[in-house]
Asks: 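Let me give you the structure first, and then I'll get to my questions.
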Amino acid sequence: LTMLSPDRGDVGELLTGAGLTVVALYGSEGIGSHLQEDRLLALMEDRDVWPRWRDILLKTANHPGVIGSSRSLLAVARRSP
């Protein structure tokens, strides 16, 4: 599924209309997506900083602000009974 500028409501309506129940939505880019590439790479290469940074990214991926600012979303859904 590809949508330009997906909105939580649009994705939810689309999945619900297909007979699915939305379990969770995640912003795929997260808060790190707005960093300059060289800064993000430096974070990823730092063995002390990266594990903490990655933990923050994972903990905030479902925050409405992150979902709203991400260019792509990961939707977890299941078939409705």
Asks: State which residues pass salt bridge (Lys or Arg N to Asp or Glu O under 4.0 Å) with Asp48; sequence neighbours excluded, sorted by chain then number.
Replies: none

Asks: Calculate, to the nearest 0.5 Å, the distance between atoms CD and CG belonging to Glu45 and Leu40 respectively.
Replies: 10.0 Å

Asks: Given the rule that I, L, V, M, F, W and Y join up when any side-chain heavy atoms are under 4.5 Å apart, are Val11 and Val66 in one cluster?
Replies: no

Asks: Rounded to the nearest 0.5 Å, what's the gap from OG on Ser70 to CD1 on Ile31? Could you check?
Replies: 10.5 Å

Asks: On a heavy-atom basis, which atom in Ile67 and which in Ala61 lie closest, and how many Å separate them?
Replies: CG1-O, 3.8 Å

Asks: Can you tell me how far the CG atom of Asp38 sits from the CG atom of Leu43, to the nearest 0.5 Å?
Replies: 10.0 Å

Asks: How long is the gap from CG on Asn62 to OG1 on Thr60, to the nearest 0.5 Å?
Replies: 8.0 Å

Asks: Quick one: do Leu74 and Leu14 end up in the same hydrophobic cluster if we chain Ile, Leu, Val, Met, Phe, Trp and Tyr together by side-chain heavy atoms under 4.5 Å apart?
Replies: no

Asks: Pair up each side-chain donor or acceptor in residues 17-27 with any protein partner under 3.5 Å, not counting sequence neighbours, and list the distances.
Replies:
from  : atom 1 : to    : atom 2 : distance (Å)
Thr21 : OG1    : Ser80 : OG     : 2.8

Asks: To the closest 0.5 Å, what do you measure between CG (Leu35) and CE (Met44)?
Replies: 11.5 Å

Asks: Once rounded to the nearest 0.5 Å, what's the spacing between atom CG of Leu73 and atom CD of Glu29?
Replies: 8.0 Å

